[in-house]
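Comments concern the structure below.
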Amino acid sequence: MLQEFLPAAPVLLVLLGGTIAIIFEGAVPRLVRPTVQAAWTLLVLLGAFCWTLYGWTVYQPQLTAMNALTLDGPAQLAWMLLLFFAALGALLFAERRVGGGESPFAPNASAVPSSQVEREAIAARQEQTEVFPLLLFSVAGMMVFVAANDLLVMFVALEILSFPLYVLSGMARRRRLLSQEASLKYFLLGGLSSAIFLYGIALVFGYAGSFYFRDIDLAIQANAQSPWLLLCGLGMVAIGVLFKIGAVPFHNWVPDVYQGAPTPVTAFMAICTKLAATMGLLRLLYVALGSLRWDWQPMLAVVAVLTMLVGSLVGLVQTDVKRLLAYSSVAHAGFILVGVIGAVTTVNGLADDRVGSVSAILIYLAAYGLATMGAFAIVTLVRRSGAEATSYASWAGLGRRDPMLGVLMTIFLLSMAGIPLTGGFVGKLAVFAAAWNGGYSWLVLIAVVASLITAGFYFRIVWVMFGQTPNSETALVSPGVGTQIVIWVGVIGTILLGVLPGPLLDIAINSAGFIR
Amino acid sequence: MSPNAYLVLSAILFSIGVLGFLIRRNVLIIFMSVELMLNAANLAMVAFSYANGNLLGQVGAFFVMVVAAAEVVIGLAIIMIIFKTRRSASVDDQNQLKH
Amino acid sequence: MVSLLEIVIPVEATGLFSYSWLMIAIPMLVSAILLLGGKATDSWGHWLGVLGVLGSLAVALALWITMLGLPVAERAVHVSGFDWVSVGNLNLQAGLLVDQLSILFALLVTGVGSLIFIYSVGYMAHDPNRRLFFAFLNLFIVAMLVLVLADNYLLLFLGWEGVGLASYLLIGFWQGRHSAALAAKKAFVVNRVGDLGLLTAMFTMVGLFGSVNFTDVNQAVGSASTTWLTALGLFLLLAACGKSAQVPLQSWLLDAMEGPTPVSALIHAATMVTAGVYLVVRSHSIYELTAAASLAVCIVGVVTLLAGAWIGSTKDDIKKVLAGSTMSQIGYMMLAAGIGPAGGAFAIFHLFTHGFFKANLFLGAGSVMHAMNDDTDMRHFGALRKVMPWTFVTFGISYLAIIGIPPLAGFYSKDHIVVAAWEQGWYFGLLATLGAGITAFYMTRLMMMTFFGKKRWAEGVHPHESPKILLFPLIVLSIGAIVLGVVLNNAIQYWLAPPTGGHPHSAAWWDIPWQGWVTLLVVLVGVGIGYLMYRGEISYEQPHTINPIVYIGRNDLLADQFNDVVFVRGGGAAAAAVATLDDVIVDGSVRSAGSLAKGIGGALSKLESGYARSYGLTMVIGAIAVGVVLILGRLA
Amino acid sequence: MDNSIPLLTVLGVLPLIFSLIAFAVRGRAGKHVAFVGSLVTMVFGIWIFFAAASNDFSEMVPWIKAIGAWYALSLDGMGRAMVLLSVILVPIVLIAEWTLDSKQTDGHLEPRWGSNVFGALALMVEGFGLFVFMASDVLLFYIFFEATLIPMFFLITGWGGAKRGKAAMKFLLYSLAGGLIMLFAVIGVYAVTAGAGQPSFLIDDFAAIAMSETVQKMLFVGFFIAFAVKAPMVPVHTWLPDTAEQAVPGATALLVGILDKIGTFGMIRICLGMLPGASLWATPLVVVLAVISIIYGAVLAITSTDLLRLVSYTSVSHFGFMVLGIFAFTTSSITGSIFYMLAHGFSSAALFLAVGFLQNRRGSVAIADFGGVREFAPLLAGVFLVSGLATLGLPGTANFAGEFVIMTGAWPRQTAAVAVAVFATVLAAVYVLWAYQRVFTGQPSDEVKKSITSDLDGREKLVIGPLIALLLVFGFFPQPMINVVEQTAVTTMNVVGMTDPLPGSMGGK
């Protein structure tokens, strides 16, 4: 029995770690609690990462946890990426120096903003250290989501990953009203999308008579029942995941929530949620609904085109860095979808040593994650009277005041824009190549046009940072160790991935095979 | 027994949930609409389960209920703090983040 | 026709000929020293400049004398240079061809050049940039010698453009004067139009014959179709028109008189402007095979000789009269060159004598201007023969030479052309004779207004004879104007027969055909009319005229007005239209694509209204759309 | 020769390393570091130029095996010429902009960054550019093609006129638009080679694959648009004048002198070298566009009221000649084009930098602000005139050799096109001499008298002297360089499968 669960141990470890962290809330003295929680969280994530790495070298692809989870290449790679980025996110969570010794989270999330209670909480140096276990639970949900072998587990995982995020979004120390609004919107719309997702699950279940991906695939191939049921199910399930990815027209929450949420949370969810949702979508579409390729490819193509165009065009008129990064994230969702649509896998004739859709998307996500994480880390450094200042006006001349920071931000933006010698380029190349090989060269053309438009706003920020006269009201705080680690890991990773993508690409290719 | 009637009912419930979400301003009612949609899905699952002759769907419904319960906790917490802050339960008052 | 063509294959250079390049190298070195040396060379630069051209002259003389001692068959000498460009089928070499024609030209350039250089030392004595002037003059000598000594069209083109550049620099030498700068630019640009012809001619030659070498072209010319040969002939004619100020590219020459007078004498009278004639004569093998192009050359020549004479008759500016006269005389040469093998030698003959007497006339005019405080308006002259006797005498000799009074040089050289014209067709003959008459008229007019009549000098002008350094060249040139005709009358035909493919007709110097007598008569009539018209009072100011002939002549045959309307305004409007197109349509579409993207983005961002319910609505609509797409996909 | 040292890599990396050092060393010291770096690169590059004649320096290392990308560098005749051009121009530009960090005139805005940054960025441009010229792998080519944009963007942003930000953005987005369309084609190359069995981005591998005409045409269009933007051809040229107007002349000289050559370089290397069939298919349209560029650029140069815009429009015209030569498909026309690339690199740099000297004195480049400058700066007038004469293709300058060989070579195949293009030689005379006339001759205004107080100083002579010398040397003795670049033309002709028209093949009896 225990043996059965052993390969899934990283998930269990994270869950267990989260639970223990909750115990810490009561057991550890208040003043040392933030340090302990942060250290513990990092430790758990690191442990899980190592275990995954170990498992990756040891285990054959297999079903585990009583067939609830699939332990195949994509899942393990996604776990590693998730844990890696979650650890970086946790570093941002724990960062106190940039906030002048204060954590980025509200001292007492349940206190009414600007109330007496809150003032007292601030005075008492209270902190909501629960953010760390919340992070861990969310990560656990994501890990399950990418490895889920049936729809029900997927649904549960989706909710597990979402709930902590709803809460975390509302916990910003500054601008709490916005933060709470973000939280509410995220929660309501998330609920709506989950409900749609669930209803889709019900319909697919109705068609296939099972939640298991394998059974669903078999049922589709056997052409069990009326296809309309299945099509509706497919559409609704896809919508649920597309919502999490941030694809148009299910993207409306993204800018608002990204802007309102505390920046560390934004960074975490911008990357990890998208990563988990994308990998989940891949498994769903390739494994369970692979035989419906001819149905979902055109549908996703429409979504992808809309996503890329809306993300890039609306991004053009933004004047707030955080919000811009949100639209950038939407546009990236579109590029990712381009790769998904290609659907080039070993199942449909890809040679073993070639880049297919899965490996391309993994590379893309890695590159996107590194750049986005770094960019958000830099966002936390630009402040006006203590709070983050994210309008373009406050960012004016940043690169001239601190050239190093400007260059680092520029590298992240270049990567997002897909300029060569950065990871973003390799990601785009791989994803577009996958789409072209899958017969969607016209989509590549549109993606290329969208890339150009996105370059327009990325370089606008570069121009704002380097071309405009420095804004004297904006303060550039010096980053703490955690933030520095995040930034430098992001830069080194971005460039390494851009210059020598070979090793990671090989790993991704070797681990690109889904099993069912 | 044909599950069709249950499915139709479930679809109607789901639609009511959607409409409620879109039409009502009160956050709590919107939230209830979401719950209604979840339950519509539950109903569908149970009906399908019956039609397919296995228990998977019914087990699924249990899972969903648990999840929904958790969601209620989270949701009410969020709604509470917002209500405390703004003294309003209208979702339309929450529109500072836009464009 | 083809069989008649004798193609001269030059022999490879030996002995002294291997040093022909020194002719070019010496002035080049001088020019480089003067240009790079800067102000350090100010005090002695002009003498170094004179030394440069004298050195060149010495080499040319040595070569000429050597050549005299050689049998006719060995007189054309080829001096190998280097591979300029050799790629694919293209094989372009730089080499020199020293033959009877080019050495004659080289002698003219360096000989007359030397005199004009000496003259310039005095003439430019007070100019702060005299060193630069000599640097440019040497540059001109270099380019001109490259032009005439080249063994192929490409190297010729190098010289061709080089003289154009030198001309540009020298016309605009006084750059502070707006009109000078404009004139310089105009000269270059109009010449460039002519250069189109030479460029396309070279492209065609490479296409047709795979070479631009004179010898290769001469040998291969029979293989090409007449159509292409005619085209080739016309291309070359266009080039010649540009350089030699022939109609329709004549307009720059009159403006070029903005340059210092020695420049006008050397470049715009004696040497450079005759390069077009040289080109046509050099290319005689092509023209011999295409009657149409030859005819075009003749027509251009005749038209220009009349046009130039017309302009000369109406101008009051002494230099412009002479410039018109230059056009006219080159028209004669062009006519002769177009007539064919018989005319080629005569064209060069006239070119040679013209070089002397026209240089003399210009330098004389310079001497007069020197005396009149640089005034050029003949209406302000008068009665100068007494105060400037030397100038008057030398000027008078060349006057007689140019109008063609035997036995002066101009008579013989022009007489041959008129005779040949009559033989080519009575209309050419008649017009050529008429031109001679007009020449006599305007030159007489010039003499009368300048040296005779009453003083019309401006206040404070006290004319005086020029210093010796100015007079010396005048004297030498006028001697040339006297003797050259008689001396060269027969010799030049024999000398030039191989390179021009001509068949010389020997005649004694007193043996004048009937056309000669007729022409002489017409000339005397012209002189008479000129004398009668300008013997009396001449108003100080140019009288207003409604006489269309005078008006058009004064306005350079309305060429400037034409250019102004067609090229400056018309072309300007077209260019402005292109600029607008570029800004509004080409760039505008890009800009509007940018603003369109922003506009759409702005509109789409309105969907991001901040209301959670509207987000929900978007999602639901999206969900429905997804369903529709899925179903449509299935149905399709 | 010991091939264990990857000399080409060293050549490309050398300026990049110096660039990083120059970034790190702040202030004037950094400027010196950058200059030394450019000199070292120049010496090494010139050595490579000569040594590559008798040695094969090719390097080939698998880079991203999974997609068949190679780190493959090699140097053919065209590459050698471009390397020579790049390594010579950069130090010259650095000297020319030596005083960039000190405010000279009112018209000059404050520089945005320290003295070291210009040099560092210029070296970065150089390094990336060298890699482009050496790459024999399409992906590698593309990567450095795009990479050059970034330092160039900063070079434009950092120094120059008031609207430089906009200009930089326009430059970037325009180039990126071309680049991304090219990315589309690059991915197409991957798809084609992957479809044929083994994915590979090697130019040689690709050329050996048979593919459908449609695919070939599609890829051609993708590549060609990128190169057309880069080379600026009408109608995708409008970024150049805007950029040139705002950027400092040194930056523009790098841009036009080196980077824009990538456009024509790519047309030969990639369009003709990889997609010969499609190149032939597109020839009529390309030739028409080239001729339009030639005339259009010249006409717009005439109408320009700003010297920098004027010079940039002349480049549009000249690039038209290069493209015409490339798509005339004769050994001589292609050789001429490559040679012209080199010549134009020097002549445009000379002219831009000469305008820069004017700008430093007067604080403006509007033609109307000048007049009579020669009186105060005769030497400056002289170098401007010589550069201008080179630009208008006076025989004896390198540009003439290029133009002449192009047109002579193209004449048998593209008679009509050449017949039209040749008119640009007249227009060239108009724009150069008209500008010269308005700027340098006539009576100086009071402002001119006040602002133009000095002629060229030693530093400026050091800038323009070598350029003019090179123009003259290559003008009178083009053959050595022609020998170098002919090799590429011959190879390209073999790939395309065309032979030269024989003399007499046109117009014989």
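Within every chain, numbering begins at 1; the chains are lettered A, B, ... in the order of the sequence lines, protein sequences first and strands thereafter.
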Let's test your reading of the structure: which of F163(A), Y166(A), F211(A) forms the most heavy-atom pairs below 4.5 Å with chain B?
F163(A)
Please classify the contact of L229(A) with chain B as side chain, backbone, both or neither, using a heavy-atom distance under 4.5 Å.
side chain
Honestly, the part of A70(B) sitting under 4.5 Å from a heavy atom of chain A is both
Return yes if some donor-acceptor pair links the side-chain N/O of T266(A) with the main-chain N/O of P262(A) below 3.5 Å, else return no.
yes
Hey, is R323(A) close enough to D256(A) for a salt bridge, meaning N to O under 4.0 Å?
yes
So does A109(A) get a backbone contact from the side chain of Q128(A), meaning a donor-acceptor N/O pair under 3.5 Å?
yes
Tell me whether S138(A) contacts the main-chain N or O of L161(A) through its side chain, where contact means a donor paired with an acceptor under 3.5 Å.
yes
Looking only at heavy atoms and a cut-off of under 4.5 Å, which of A44(B), A77(B), G57(B) has the most pairs with chain A?
G57(B)
Count the heavy-atom pairs under 4.5 Å between each of A61(B), G17(B), G60(B), A47(B) and chain A, then report the option with the highest count.
G60(B)
Only pairs of heavy atoms separated by less than 4.5 Å count here; which of P164(A), S194(A), G209(A) has the most with chain B?
G209(A)
Go through I196(A), V167(A), V317(A) and name the one with the most non-hydrogen pairs under 4.5 angstrom from chain B.
I196(A)
Measure I81(B) against the heavy atoms of chain A and call it side chain, backbone, both or neither at under 4.5 Å.
both
Measuring heavy-atom distances to chain B, does L151(A) have an atom under 4.5 Å in its side chain, in its backbone, in both, or in neither?
neither
Highest number of heavy-atom pairs under 4.5 Å with chain A among V27(B), V46(B), L38(B), V18(B) belongs to L38(B)
With a 4.5 angstrom heavy-atom cut-off, which part of L7(B) approaches chain A: side chain, backbone, both or neither?
backbone
What part of Q180(A) gets closer than 4.5 Å to chain B, counting heavy atoms only: side chain, backbone, both or neither?
both
Under the 3.5 angstrom rule, does the side chain of S33(B) hit a backbone N or O of I29(B) as a donor-acceptor pair?
yes
Which atoms of A68(B) approach chain A - backbone, side chain, both or neither, heavy atom under 4.5 Å
neither
Honestly, the part of M236(A) sitting under 4.5 Å from a heavy atom of chain B is side chain
Whatever's closer than 4.5 Å to a heavy atom in chain B on L152(A) counts as side chain
Chain B contact via Y327(A) - side chain, backbone, both or neither, heavy atoms under 4.5 Å
side chain
Please rank E71(B), M37(B), E35(B), M45(B) by heavy-atom pairs under 4.5 Å with chain A and give me the top one.
E71(B)
Report yes or no: does S179(A) contribute a side-chain atom to a donor-acceptor pair with the main-chain N or O of S169(A) at less than 3.5 Å?
yes
Ranked by heavy-atom pairs below 4.5 Å to chain B, first place among S183(A), S114(A), S115(A) goes to S183(A)
Less than 4.0 Å between a side-chain N and a carboxylate O, is that true for E118(A) and R176(A)?
yes
Tell me, side chain or backbone of A182(A) under 4.5 Å from chain B's heavy atoms, or both, or neither?
both
Taking V91(B)'s backbone N and O only, do any of them form a donor-acceptor pair with K185(A)'s side chain (distance below 3.5 Å, no angle check)?
no
If you tally heavy-atom pairs under 4.5 Å against chain A, which of I82(B), V34(B), D93(B) wins?
I82(B)
Check: N54(B) main-chain N/O paired with N52(B) side-chain donor or acceptor under 3.5 Å
no
For L284(A), which of V204(A), V237(A), I216(A), L234(A) qualifies under side chain to side chain contact (heavy atoms under 4.5 Å, CB included)?
V237(A)
Any heavy-atom pair between the side chains of W253(A) and S193(A) that's under 4.5 Å?
no
So, N149(A) side chain and N67(A) main chain: donor-acceptor pair closer than 3.5 Å or not?
yes
